[in-house]
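Beneath this line is the structure, given in structure tokens, with notes to follow.
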Amino acid sequence: MNELKDLHIHIERGPYTVQWIERFINQAVKMNLSEINLLEHSIRIKEFHPCFKEAREYSSYQENWFRGKENSAHTFEEYRALINEIRGREYPIKVNFGLEVCWFEQHADEIRNLVLDGFLDYVLGSVHWVDNWTFNQRKYQWKNKDYNHIYKRYFEMENSLIESGIFDIIAHPDLIRCHGLYPDYDLTETYHSLAENAVKNNVMIEMNTTRGRQIGINEAFFSAALAEGARFSTGSDAHCPEDVGKGIKEAFVFISRKLHSAGLQTEE
């Protein structure tokens with residue numbers, strides 16, 4: 001049974017048309033995928049913009065970033081109309097729609113009210129902002145920062161994301177490592193605790209395939225998640241049709257082999 005699924009694909013670089021969406025679907029068929037999840041970042045949906053209030057006020061850099069995104073955003077109604085149009089058509093693979101939502105703890109209720117009506121197939125949660133500060137956009141922004149504090153807060157926010165009851169998947173859960181900057185303490189216990197929490201709250205841990213030869217989360221994190229019995233999802237984080245499915249087969253094989261070695265079964 002083909003279980004190749006790419007559950008993290010962004011459609012933001014094109015118009016809300018059937019033709020644009022079918023470019024992603026056609027590529028998925030070429031990559032022998034069985035299921036895809038097309039989505040938008042929450043910043044691309046106007047109804048989520050109040051959730052970015054503190055982030056945009058944090059600095060002039062972040063305010064300028066927000067303004068650049070604001071001008072090209074869609075309403076949720078426009079996104080829903082596109083989804084309904086695609087859902088009314090037949091395709092050779094399963095086509096889902098969702099959102100990747102930037103997690104702001106102080107806006108949990110607003111986020112919950114926007115997404116928990118059952119309309120979306122998958123809701124992904126991601127921590128891109130640590131206490132309203134964007135840690136992943138530019139490495140120089142880490143200058144004079146307390147790495148230990150940043151990592152501590154990052155994983156606290158990831159756990160509150162998991163515990164919110166809002167999300168199906170936690171996206172790229174070790175994104176904090178993106179610039180190669182690390183705390184001076186061992187993260188093993190942190191990884192085990194988060195994975196245990198994900199299992200308890202039925203949230204999948206994403207194996208994001210965008211970072212070259214590394215398949216998904218780092219080895220220590222994966223080992224902890226495997227030991228805790230976590231469920232994994234696979235996502236290319238594609239932002240254009242050509243990148244759909246990249247690394248998904250490799251990630252699926254990697255997960256399957258690790259589960260087999262541990263005497264466990266892959267998800268059906």
Side-chain angles (χ1 to χ4, degrees), residues 3 5-8 37 100-103 105 122-131 134-136 139 142 145-164 166-237 246-267:
E3 289 293 331
K5 302 178 182 181
D6 190 343
L7 301 184
H8 191 154
N37 184 49
E100 181 185 358
V101 179
C102 282
W103 178 237
E105 293 172 322
Y122 290 101
V123 181
L124 283 63
S126 57
V127 177
H128 288 103
W129 313 78
V130 171
D131 294 330
T134 175
F135 65 84
N136 67 305
K139 185 175 182 177
W142 284 69
K145 295 285 188 180
D146 182 342
Y147 295 2
N148 287 356
H149 175 72
I150 293 169
Y151 266 78
K152 180 175 181 292
R153 282 296 296 136
Y154 175 82
F155 283 103
E156 286 176 350
M157 291 181 66
E158 292 220 315
N159 277 294
S160 68
L161 181 163
I162 288 170
E163 293 165 0
S164 70
I166 298 172
F167 303 101
D168 304 296
I169 297 168
I170 181 168
H172 41 64
D174 64 346
L175 182 63
I176 191 68
R177 293 161 49 95
C178 61
H179 297 304
L181 304 172
Y182 307 106
D184 62 13
Y185 64 90
D186 186 4
L187 289 166
T188 300
E189 184 178 342
T190 298
Y191 292 148
H192 276 277
S193 179
L194 186 141
E196 181 182 21
N197 208 6
V199 172
K200 179 180 177 181
N201 289 278
N202 197 31
V203 175
M204 288 186 283
I205 292 177
E206 181 181 78
M207 297 290 280
N208 191 293
T209 63
T210 56
R211 283 179 286 171
R213 289 179 293 177
Q214 179 178 309
I215 296 177
I217 54 178
N218 67 81
E219 184 177 353
F221 198 166
F222 182 84
S223 295
L226 190 68
E228 297 295 340
R231 295 168 58 232
F232 299 97
S233 70
T234 51
S236 68
D237 214 337
K246 282 189 175 180
I248 297 300
K249 181 178 180 180
E250 291 80 0
F252 176 77
V253 170
F254 175 83
I255 295 168
S256 298
R257 286 176 176 171
K258 292 292 186 179
L259 289 172
H260 180 74
S261 297
L264 304 171
Q265 298 296 318
T266 57
E267 292 288 331

Could you pull out the closest heavy-atom pair between [X] and [Y], with the gap in Å?
X      : Y      : result
Trp129 : Met157 : O-CE, 3.2 Å
Ser236 : Ile248 : N-CD1, 3.7 Å
Ala230 : Ile205 : CB-CD1, 3.9 Å
Tyr154 : Leu175 : OH-N, 3.2 Å
Ala225 : Ala195 : CA-CB, 3.5 Å

Does any part of the side chain of [Y], heavy atoms only, come nearer than 4.5 Å to the side chain of [X], both counted from C-beta?
X      : Y      : value
Tyr191 : Ile217 : no
Asn202 : Arg231 : yes
Phe155 : Ile176 : yes
Leu259 : Leu226 : yes

### Message
Taking the ring centre of each residue, are Phe222 and Phe254 less than 6.0 Å apart?
### Response
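Yes, the ring centres sit under 6.0 Å apart.
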Rounded distance (nearest 0.5 Å) linking atom [atom1] of [X] with atom [atom2] of [Y]:
X      : Y      : atom1 : atom2 : result
Met204 : Leu124 : CE    : CG    : 8.0 Å
Asn37  : Asp6   : CG    : CG    : 8.5 Å
Ile169 : Ser233 : CD1   : OG    : 4.0 Å
Met207 : Phe252 : CE    : CZ    : 12.5 Å
Leu7   : Tyr122 : CG    : OH    : 5.0 Å
Ser126 : Leu161 : OG    : CG    : 7.5 Å

With no hydrogens and no angle check, is any side-chain donor or acceptor of [X] less than 3.5 Å from a backbone partner on [Y]?
X      : Y      : result
Ser223 : Ala220 : no
Asp237 : Thr210 : no
Glu206 : His172 : yes

### Task
Might you work through the side chain to side chain contact (heavy atoms under 4.5 Å, CB included) test for Ile166 and Trp103, ending with a clear yes or no?
CA-CA 10 Å; Ile166 298 172; Trp103 178 237; 4.0 Å; yes
### Task
Enumerate the residue pairs fulfilling salt bridge (charged side-chain N to carboxylate O under 4.0 Å, His left out) with a member in residues 145-161, sequence neighbours excluded, ordered by first and then second residue.
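Only Glu105-Arg153, Asp131-Arg153, Lys152-Glu156, Arg153-Glu156 qualify under salt bridge (charged side-chain N to carboxylate O under 4.0 Å, His left out).
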### salt bridge (charged side-chain N to carboxylate O under 4.0 Å, His left out) pairs, two or more places apart, involving residues 178-194
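Every pair satisfying salt bridge (charged side-chain N to carboxylate O under 4.0 Å, His left out) with a residue in residues 178-194: there are none.
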### Residue list, side-chain contact (heavy atoms from CB on, under 4.5 Å) with Asn159, at least two apart or on another chain
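Asn159 satisfies side-chain contact (heavy atoms from CB on, under 4.5 Å) with Glu163, Leu194, Asn197 only.
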### Task
Take the angle between the ring planes of Tyr151 and Tyr182 and call it parallel below 30°, perpendicular above 60°, tilted in between.
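Correct class here is tilted.
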